[in-house]
Amino acid sequence: MKRRVIMVGVDGSASSRAALKWALKEAMWTGAQVEAVLAWQREDAFVPATSMGVHPYREKPQRHPAQELHFAVLDMRAEVPAAPDVVETTVVGQAKDALVRASRHADLLVLGTRGHNALVGAILGSVTAHCLKHAECPVVVIPPRAVPS
């Protein structure tokens, strides 16, 4: 029998952490495997030429997406006693596209929501709204305050 897969979109926000926490608890009840996905955009490394070799901008901090994801997973697993292991995947590209692709291999896609405004895209966030329309598996949307401690 194939093990169910719960895919979670993680971006480091409080809402995505709540979604991961919910997925961990759901996996404990159902025996499903949890996979956390963080999608990120590569930043251009273009630096304009300057005289005398002086860099015109401050040093940009380097992102470490795999490390960001790993720390988010560690934090949430620490909050859920007996939490299952989590498969961690980082993908270069737009989050909405990466999560829709990932939904093809999942039984459930779990996402957080921002909850700022009265417009659907602003309430859910554009990524969540896109995934609700295009995902190939059921989608669960978790607001940050919905996961009890």
Side-chain angles (χ1 to χ4, degrees), residues 1-47 57-149:
M1 185 158 112
K2 181 185 162 221
R3 190 172 180 195
R4 284 188 49 205
V5 175
I6 301 174
M7 195 74 61
V8 185
V10 177
D11 64 5
S13 66
S15 60
S16 74
R17 288 172 178 262
L20 179 56
K21 188 174 184 179
W22 185 91
L24 289 169
K25 289 181 176 189
E26 180 71 11
M28 288 173 49
W29 282 97
T30 62
Q33 175 183 327
V34 175
E35 183 170 344
V37 178
L38 183 146
W40 64 288
Q41 294 285 342
R42 267 185 222 266
E43 296 179 7
D44 294 332
F46 174 75
V47 177
Y57 307 111
R58 284 191 191 153
E59 188 70 24
K60 280 178 100 171
Q62 293 293 315
R63 262 193 92 185
H64 300 285
Q67 189 176 35
E68 292 171 24
L69 177 60
H70 184 67
F71 288 142
V73 168
L74 286 178
D75 287 348
M76 290 303 98
R77 286 190 72 230
E79 289 190 24
V80 179
D85 289 335
V86 176
V87 176
E88 299 172 21
T89 304
T90 57
V91 181
V92 176
Q94 298 243 358
K96 63 183 185 175
D97 299 328
L99 291 169
V100 167
R101 274 192 310 275
S103 75
R104 295 176 190 147
H105 311 287
D107 297 292
L108 190 63
L109 176 62
V110 182
L111 303 168
T113 180
R114 291 192 304 214
H116 295 309
N117 201 314
L119 300 173
V120 172
I123 289 174
L124 298 175
S126 61
V127 171
T128 303
H130 181 84
C131 289
L132 281 170
K133 288 182 181 178
H134 302 286
E136 297 188 27
C137 67
V139 179
V140 173
V141 180
I142 306 295
R145 291 177 211 85
V147 180
S149 300

Reported [atom1]-to-[atom2] distance for the pair [X] and [Y], which is rounded to 0.5 angstrom:
| X | Y | atom1 | atom2 | result |
| --- | --- | --- | --- | --- |
| D11 | L38 | CG | CG | 7.0 Å |
| M76 | F71 | CE | CZ | 13.5 Å |
| K25 | T30 | NZ | OG1 | 14.0 Å |

Are any non-hydrogen side-chain atoms of [X] and [Y] less than 4.5 angstrom apart?
| X | Y | value |
| --- | --- | --- |
| M28 | L24 | no |
| L108 | M7 | no |
| Q33 | I6 | no |

Name the atoms and distances for all side-chain donor-acceptor pairs under 3.5 Å in residues 132-142, with sequence neighbours left out.
{"unit_1": "E136", "atom_1": "OE2", "unit_2": "R104", "atom_2": "NE", "d": "3.2"}

Going by atom type alone, with no hydrogens or angles, which donor-acceptor pairs under 3.5 Å involve a side-chain atom of residues 84-95 and a protein atom two or more places apart or on another chain?
{"unit_1": "D85", "atom_1": "OD1", "unit_2": "R77", "atom_2": "NH2", "d": "3.4"}
{"unit_1": "E88", "atom_1": "OE1", "unit_2": "H70", "atom_2": "ND1", "d": "3.1"}
{"unit_1": "E88", "atom_1": "OE2", "unit_2": "H70", "atom_2": "ND1", "d": "3.0"}
{"unit_1": "T89", "atom_1": "OG1", "unit_2": "E35", "atom_2": "OE2", "d": "2.7"}

Worksheet item: Under the 3.5 angstrom rule, does the side chain of S16 hit a backbone N or O of L111 as a donor-acceptor pair?
Response: no
Worksheet item: Short question: side chain of R3, backbone of G31 - any donor-acceptor pair under 3.5 Å?
Response: yes
Practice prompt. Of all the heavy-atom pairs spanning V34 and A23, show the shortest one and how long it is.
Written response: CG2-O, 3.8 Å
Worksheet item: Between L99 and G9, what is the shortest heavy-atom contact and its length?
Response: CD2-CA, 3.8 Å
Practice prompt. Report the C-alpha distance between H105 and V5 in whole Å, list the side-chain angles of each, state the deciding distance to 0.1 Å, and finish with yes or no for side chain to side chain contact (heavy atoms under 4.5 Å, CB included).
Written response: CA-CA 8 Å; H105 311 287; V5 175; over 6 Å; no
